[in-house]
There are 2 protein chains.
Amino acid sequence: MEKISVLIADDHKLIRETWSFVLNNDPRFSVIAECADAYEAIEQAKVTKPNIVLMDINMPSMTGFEAAEKIRKVSPSSRIIGISIHSQPAYAKKMLQIGAKGYVTKNSSKKEMIEAILTVHAGGKYICEEIKNNISELVLEENKDLPNINALTEREIQIINLIKDGQSSKEIAAQLDISLKTVEVHRHNILKKLKLKNSASLVNFINSAATNL
Amino acid sequence: MEKISVLIADDHKLIRETWSFVLNNDPRFSVIAECADAYEAIEQAKVTKPNIVLMDINMPSMTGFEAAEKIRKVSPSSRIIGISIHSQPAYAKKMLQIGAKGYVTKNSSKKEMIEAILTVHAGGKYICEEIKNNISELVLEENKDLPNINALTEREIQIINLIKDGQSSKEIAAQLDISLKTVEVHRHNILKKLKLKNSASLVNFINSAATNL
DNA sequence: TCTTCAATAGATATAAATACTTAGTCATTT
DNA sequence: AAATGACTAAGTATTTATATCTATTGAAGA
């Protein structure tokens, strides 16, 4: 019987290697690629056409959502399982809507992860227990859509990172050599797009939402 | 030959279990305890007296620094290796000063982790390559001490968490039923203690510094 | 008892952020 | 050619945050 080929995408080498070890020690699986970021994962998926893509959706430089969409295009036969620290059902839902077949949080067990791979490879869908336990929240929040982080422009992302560093609008303006007013407009647009109240909640969202910029 | 007994402390079950699997598959090691938080780790260390404690220093409810100190007291024979996503040498230095014998980032390889365990168990010290590469920074920042997060009071921590949620001082005051002025004083003291400039940098520090509150 | 410190809260200022509106330029797309 | 969207920037107004300084209370410790 053919082994299930797996591509692992996680920005932490230690995590990639331990997972690789675990799966390669199971005769049912074969890890054919380890990737440190989303771009590499897309490239490798294109070349190796893995059965399963295990993707940490908190990688730098691209959101897991974007990456999942692109992997589906370059390798439609690959089935994607999102791995995340986030137990909010809304993120799982979003991931599944984009085309992932599974969603597992880092609070899940190793057994669940293996089960997820087998189920998804067999054509099914898999959501870990932790998310299922929060599922009522998902139903209740049916129409409460996630802030669309992809709507942010390059300039806005650049400014968010300066805000994170604790820089004031005045300092940001000086650094980017633009008007203070412009910076204020950017900040306002950012908060509006992400439906946030102030810089503190912005930084918290950016740090912990299912994304890194 | 006696196996090296290991206690694993990490708030993510998936990480604990995969590490446990990796080490238990190596005849040189035996995982004798898996702990989800610092308090549990201290309890288990007291009971099991492991040779090695692998501790994620980003666990909720207590900093890895505090936990390491307490584990040294309840089980002086145990040698501690800190695991962290942070590659700033200052954190490694702080961890070693407290009494840990090793420090490994999540960007390290599995091989390095194994080497760290063996070296530390043999009585040596181990710092991963990534930190070593940044060592010049450590030397240059010799006297630049880390903000003392342990100096924060309960009330201050409570307020920090409300700030993270995006609440204004006015909202916080109403919620805690104290004066707006008091909240402002707390915020001021928090920024002063942590040597930060504003709420945005505060949230970023709390989210990404080697600690969770 | 004396000291220290956390928590409370006042006054007074300034600095910064946020809300809302309008508008010009430039590049891309339809 | 027209529409769209990103980036720029202005005005005006209000709300928050931050800096200092002072001061009382209560609890914990020396």
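All values below were derived from every heavy atom in this structure, side-chain atoms included, with hydrogens, water molecules and symmetry-related copies excluded. Reminder, nothing fancy here: chain letters follow the sequence lines and each chain counts from 1.
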*asked:* Any carboxylate oxygen within less than 4.0 angstrom of a Lys/Arg side-chain nitrogen, looking at B/Lys106 and B/Asp56?
replied: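 Between B/Asp56 and B/Lys106 there is a salt bridge, with a charged N closer than 4.0 Å to a carboxylate O.
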*A/Lys181 and A/Glu184 ion-paired at < 4.0 Å*: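 Salt bridge present between A/Lys181 and A/Glu184.
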*Letter per nucleotide, 5' to 3', of nucleotides 10-27 of chain C [B base touched, S only sugar-phosphate touched, - untouched; heavy atoms, 4.0 Å]*: BBB---SSBS--------
Locate the shortest heavy-atom distance separating [X] from [Y]; write the atom from each residue and the value.
{"X": "B/Leu14", "Y": "A/Met113", "result": "CD1-CB, 4.0 Å"}
{"X": "A/Ile52", "Y": "A/His121", "result": "CD1-N, 3.9 Å"}
{"X": "B/Ser5", "Y": "B/Pro50", "result": "OG-CA, 3.5 Å"}

*Within 6.0 Å of CZ in A/Arg155, more than 12 heavy atoms from elsewhere*: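 Count over threshold, so yes.
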From [atom1] of [X] over to [atom2] of [N], roughly how many Å is that when rounded to an integer?
{"X": "B/Ile172", "N": "D/dA17", "atom1": "CD1", "atom2": "P", "answer": "7 Å"}
{"X": "B/Ile190", "N": "D/dA19", "atom1": "CD1", "atom2": "P", "answer": "12 Å"}
{"X": "A/Asp177", "N": "D/dC7", "atom1": "CG", "atom2": "C1'", "answer": "14 Å"}
{"X": "B/Asn189", "N": "C/dT8", "atom1": "CG", "atom2": "P", "answer": "11 Å"}
{"X": "B/Ile157", "N": "C/dA6", "atom1": "CD1", "atom2": "P", "answer": "12 Å"}
{"X": "A/Gln158", "N": "D/dA6", "atom1": "CD", "atom2": "P", "answer": "16 Å"}
{"X": "B/Ile159", "N": "C/dA7", "atom1": "CD1", "atom2": "P", "answer": "8 Å"}
{"X": "A/Glu156", "N": "D/dG5", "atom1": "CD", "atom2": "P", "answer": "13 Å"}

_Terminal axes of the helix from C/dT1-D/dA30 to C/dT30-D/dA1 (five pairs each): angle between them, nearest 10 degrees_ =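 Comparing the first five pairs with the last five, the axes sit 50° apart.
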*asked:* My understanding is that only one of B/Asn204, B/Ile163, B/Leu191 makes a side chain to side chain contact (heavy atoms under 4.5 Å, CB included) with B/Ser199; could you say which?
replied: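 Answer after filtering B/Asn204, B/Ile163, B/Leu191: B/Ile163.
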_Does any part of the side chain of A/Ile15, heavy atoms only, come nearer than 4.5 Å to the side chain of A/Ile8, both counted from C-beta?_
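The answer is no; the side chains never approach within 4.5 Å.
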*With sequence neighbours excluded, what pairs up with B/Asn198 under the side-chain hydrogen bond (donor to acceptor under 3.5 Å, both in side chains) test?*
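For B/Asn198 the side-chain hydrogen bond (donor to acceptor under 3.5 Å, both in side chains) partners, ignoring immediate neighbours, are B/Ser201.
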